[in-house]
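Here is the structure we will look at, set down as structure tokens.
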Amino acid sequence: MTGRRAPEAWASLWTARYRTPPGSGIAPAAINETIATLLAHASVRAFLPDALPAGALEAAIAAAQSAATSSNLQAWSVVAIEDPARRARFAALCGNQRHIEQAPVFLAFIADLSRLRRMAERAEHPHEALDYTESFIVTAVDTALAAQNAVAAFESMGLGTVYIGGLRNDPEAVARELDLPQGAFGLFGLCVGHPDPDRSADIKPRLPQAAVLHRDRYHAGAEPGLIAQYDETADEFQREQGLPSRAWSTTMIMRIGTAAGLHGRDRMRSVLARLGFALK
Ligand SMILES: Cc1cc2nc3c(=O)[nH]c(=O)nc-3n(C[C@H](O)[C@H](O)[C@H](O)COP(=O)(O)O)c2cc1C
């Protein structure tokens with residue numbers, strides 16, 4: 001993925017992402033196929049029933065395993081679910097998301113400290129550090145970095161994906177369904193398949209870069225104007241998609257307003273304790 005792409009094509013991806021054209025400061029050296037693949041990302045929620053191309057899963061997992069990993073602990077695993085009946089069960093477990101049934105592959109990404117724990121137990125060695133919140137952060141970060149490499153790999157093959165945070169709706173049921181040992185937690189799922197060309201996904205604009213890229217120090221001074229600008233951009237996208245008009249900031253503020261907005265996931269700490277994460 002290192003070949004050059006025509007600057008116009010790259011500029012149109014940038015423009016789709018920010019709804020403003022790239023500034024003149026973008027050096028040609030920064031224009032390449034890898035970045036274009038990443039800029040072109042859009043979550044896909046409509047899939048053809050066709051199987052993945054041979055070797056696609058294995059190539060994407062090799063990409064996932066190539067991600068950096070804290071202290072080389074490699075504290076993650078993934079369960080690939082292809083059986084339609086089991087995908088239907090996962091669709092129900094994850095809040096009746098139809099794309100889980102539709103996509104030929106559902107990947108359950110597992111924050112996994114259990115392998116390290118088993119290694120220590122076999123060596124009759126303590127594993128006290130696994131009981132600390134820091135170890136949970138490590139496994140969650142490792143899992144997310146690996147998954148995102150897999151997403152980039154699938155998208156580079158022309159396949160579509162959508163993450164499924166709904167896997168955390170009922171983590172204990174997911175643990176039973178997947179036979180997860182203590183110290184393993186289904187962090188999120190990922191649907192993978194061929195995007196349905198009749199219901200293609202569009203690039204969803206993001207916050208202006210100045211809202212997230214700080215130089216030398218964190219500056220929030222310009223934030224209100226940048227958010228107001230993004231509210232308009234995001235609303236324009238909503239209307240283009242035939243979705244209700246709304247300001248992004250209002251939606252986000254509503255979302256974080258109450259624990260009830262977490263839809264049952266406000267009990268995560270006690271659930272994690274039962275799944276073997278002491279979070280000391
Ligand atoms: C960890 C994670 C969990 C997500 N869970 C869901 C989900 O359960 N269902 C869904 O339809 N989309 C889910 N998404 C997709 C987001 O809604 C999507 O990435 C976001 O709206 C931005 O859109 P885009 O990916 O098309 O750019 C999830 C994304 C992430 C990163």
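First listed ligand is number 1; within each ligand, the first listed atom is number 1.
In this pair, Phe185 and Phe277 present their aromatic rings perpendicular. The plane angle is above 60°, beyond the 30 to 60° band. Taking the six-membered ring where tryptophan is involved, the planes of Tyr218 and His214 are essentially parallel, since the angle between them stays under 30° and well short of 60°.
Close approach of ligand 1 to Ser43 is summarised as follows: ligand atoms under 4.0 Å from at least one heavy atom of the residue are 15 (C), 18 (C), 19 (O), 24 (P), 25 (O), 26 (O). Close approach of ligand 1 to His99 (heavy-atom distance below 4.0 Å) involves ligand atoms 11 (O). With ligand atoms numbered from 1 in the order given, ligand 1 contributes 8 (O) to contacts under 4.0 Å with heavy atoms of Gly166. Atom numbering of ligand 1 starts at 1 in the shown order; those under 4.0 Å from a heavy atom of Ala42 are 26 (O). Taking every heavy atom of Gln97 and a limit of under 4.0 angstrom, the matching atoms of ligand 1 come to 7 (C), 8 (O), 9 (N), 10 (C), 11 (O). Contact atoms of ligand 1 toward Lys204: 20 (C), 21 (O), 22 (C), 23 (O), 27 (O) (distance under 4.0 Å to a heavy atom of the residue).
Taking distance alone, with nitrogen or oxygen atoms compared against 3.5 Å, His41 approaches ligand 1 more closely than that limit. Residue Gly165 has at least one N or O atom closer than 3.5 Å to an N or O atom of ligand 1. Residue Arg168 places no N or O, backbone or side chain, under 3.5 Å from any N or O of ligand 1.
Residues Trp76 and Ala64 come closest through the heavy atom pair CH2-CB, 3.7 Å. When every heavy atom of Leu275 is checked against every heavy atom of Pro171, the shortest pair comes out as CD1-CB, 3.9 Å. Taking all atoms of both residues into account, the shortest heavy-atom contact from Arg217 to His219 is O-CD2, 3.0 Å.
For the residue pair Gln74 / Asn72, a side-chain donor-acceptor distance below 3.5 Å is found, with atom types taken as modelled. Checked by atom type, the side-chain pair Arg118/Ser114 shows a donor-acceptor distance below 3.5 Å.
Around CZ of Arg239, the count of heavy atoms belonging to other residues, nucleotides or ligands within 6.0 Å exceeds 12.
The shortest contact between atom 2 (C) of ligand 1 and any protein heavy atom is with Tyr163 CB, 3.6 Å.
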Salt bridge (charged side-chain N to carboxylate O under 4.0 Å, His left out) evaluation trace for Arg86 with Glu177
CA-CA 9 Å; Arg86 297 202 72 219; Glu177 186 72 42; 3.3 Å; yes

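The closest heavy-atom contact to atom 17 (O) of ligand 1, among the options Arg98, Arg45, Arg206, comes from Arg45.
Residue contacts with ligand 1, taken as heavy atom pairs separated by less than 4.0 Å, do not involve Gln148 at all. Using a 4.0 Å cut-off between heavy atoms, Ile203 makes no contact with ligand 1 at all.
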